[in-house]
Amino acid sequence: MASLFTPGQFYFYIANTFTFELEYVSPGVVDLLGMDPEKTTMDLLLDMALPEVIPTIAQKEAAISDFFNRFLTEKERLHYKNVYTYPYRNHRGEKRDMMIQVSPLSLSEDGTTQHQLGIHTDITHLGVEHNDTVSYFSIDGGKNYLNVSASKGVFDPNMGKEVRNAIAKSLTKREIAELLAKGLNDAEIAEELKIAFLTVRTHRRNMLKKTQCKNSVELVTLCLMCGII
């Protein structure tokens with residue numbers, strides 16, 4: 001099922017947040033990172049990140065904890081996922097780009113996250129730019145918080161922008177977003193979908209306006225993080 005939410009090569013795991021142990025790691029970690037699933041640990045995964053981004057990752061994780069444990073109610077905690085990206089170097093020494101999606105799976109008696117599902121996807125082919133932000137998405141139609149700065153290590157909705165499912169749900173517009181992610185221009189998309197060039201241009205402009213994205217790259221990133229593509 002994890003393959004439904006990933007736009008590239010990936011692996012996933014189930015982590016115990018109390019012990020920091022990985023209770024399961026999928027076989028995909030072999031091809032992506034050259035690791036044995038039985039011997040993979042959180043420390044080993046973190047070691048793959050470029051050293052200079054480790055402080056930023058720590059800030060992001062602190063902000064994520066603050067979001068789930070302080071900002072959300074206990075009832076809401078199982079209905080959100082967080083997403084962020086970072087550069088890493090694989091077992092072949094190649095500098096690559098990783099996207100992390102994490103969703104709580106279970107809560108402890110006091111309402112804090114006990115188990116979580118993490119999906120790590122190589123998105124190098126998408127050319128995403130890395131920053132200090134985290135995005136938080138509702139899986140049941142609630143508020144979404146896009147690109148919230150984690151520079152202070154806490155969640156502050158004023159440091160990002162609140163969005164809802166602003167991209168129209170028509171199949172055509174999702175297909176346009178998917179083809180933008182593949183690097184096609186408006187003319188190529190029109191030919192691929194057998195629709196008018198002006199229709200593609202109008203849809204793209206409307207999607208940019210509704211999502212408040214500055215360009216197609218930012219739009220593709222938003223669609224990617226929302227799970228639309």
Side-chain angles (χ1 to χ4, degrees), residues 2 5-8 10-15 17 20 42 45-46 48-74 76-88 96-105 107 112-124 126-167 181 211-214 217-229:
F5 307 99
T6 56
F10 73 97
Y11 66 91
F12 66 92
Y13 58 80
I14 295 175
T17 59
F20 296 101
M42 289 297 293
L45 295 181
L46 187 59
M48 305 301 288
L50 299 186
E52 59 268 27
V53 303
I54 296 297
T56 301
I57 291 177
Q59 290 175 331
K60 291 179 178 181
E61 291 296 333
I64 290 167
S65 178
D66 186 58
F67 173 76
F68 279 95
N69 296 318
R70 180 185 61 83
F71 186 78
L72 295 182
T73 65
E74 181 176 339
E76 292 174 320
R77 287 172 190 159
L78 294 179
H79 299 280
Y80 271 85
K81 72 172 182 177
N82 64 80
V83 184
Y84 68 84
T85 67
Y86 67 89
Y88 77 102
R96 310 284 294 178
D97 300 312
M98 187 75 80
M99 178 181 74
I100 295 180
Q101 303 178 74
V102 177
S103 302
L105 292 177
L107 304 179
T112 58
T113 302
Q114 183 168 3
H115 291 91
Q116 59 186 21
L117 169 68
I119 305 176
H120 290 201
T121 307
D122 188 295
I123 57 169
T124 307
L126 295 178
V128 173
E129 295 183 5
H130 304 289
N131 52 41
D132 69 349
T133 67
V134 180
S135 295
Y136 307 84
F137 295 101
S138 169
I139 60 176
D140 63 357
K143 294 179 179 179
N144 301 317
Y145 303 93
L146 177 66
N147 295 337
V148 182
S149 174
S151 60
K152 297 181 180 179
V154 296
F155 174 77
D156 181 353
N158 295 319
M159 297 181 70
K161 60 184 178 182
E162 177 186 324
V163 296
R164 292 185 181 273
N165 296 320
I167 299 176
T211 58
Q212 302 176 43
C213 292
K214 298 177 182 178
V217 172
E218 188 175 345
L219 174 63
V220 167
T221 302
L222 172 60
C223 292
L224 174 67
M225 291 184 170
C226 288
I228 294 171
I229 59 175

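Keep in mind that this is a model prediction, so the values were computed, not measured.
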With sequence neighbours excluded, residues passing side chain to side chain contact (heavy atoms under 4.5 Å, CB included) with Ser149: Asp132, Ser151, Met159

Partners passing ring-ring contact (aromatic ring centres under 6.0 Å, His included) against Tyr80 (at least two apart in sequence or in another chain): Phe67

Results of side-chain hydrogen bond (donor to acceptor under 3.5 Å, both in side chains) for His79 - residues two or more places apart only: Asp140

Thr56 vs Tyr86 side-chain heavy atoms within contact, under 4.5 Å: no

Residue pair Thr85 / Ile123, side-chain heavy-atom distance below 4.5 Å: yes

By side chain to side chain contact (heavy atoms under 4.5 Å, CB included) - contacts of Ala62 (at least two apart): none

Where at least one partner belongs to residues 57-68, residue pairs that pass side chain to side chain donor-acceptor pair (under 3.5 Å), sequence neighbours excluded: Glu61-Tyr84, Ser65-Asn69, Asp66-Arg70

Asn131: partners by side chain to side chain contact (heavy atoms under 4.5 Å, CB included), with sequence neighbours left out: Thr133

Shortest non-hydrogen contact from Ile54 toward Ala49: CD1-CB, 3.9 Å

Close aromatic pair by centroid cut-off 6.0 Å: Tyr145 and Phe155: yes

Set of residues satisfying side chain to side chain contact (heavy atoms under 4.5 Å, CB included) with respect to Leu107, sequence neighbours excluded: Glu74, Arg77, Leu78, Thr113

Tyr13: partners by side-chain hydrogen bond (donor to acceptor under 3.5 Å, both in side chains), with sequence neighbours left out: His120

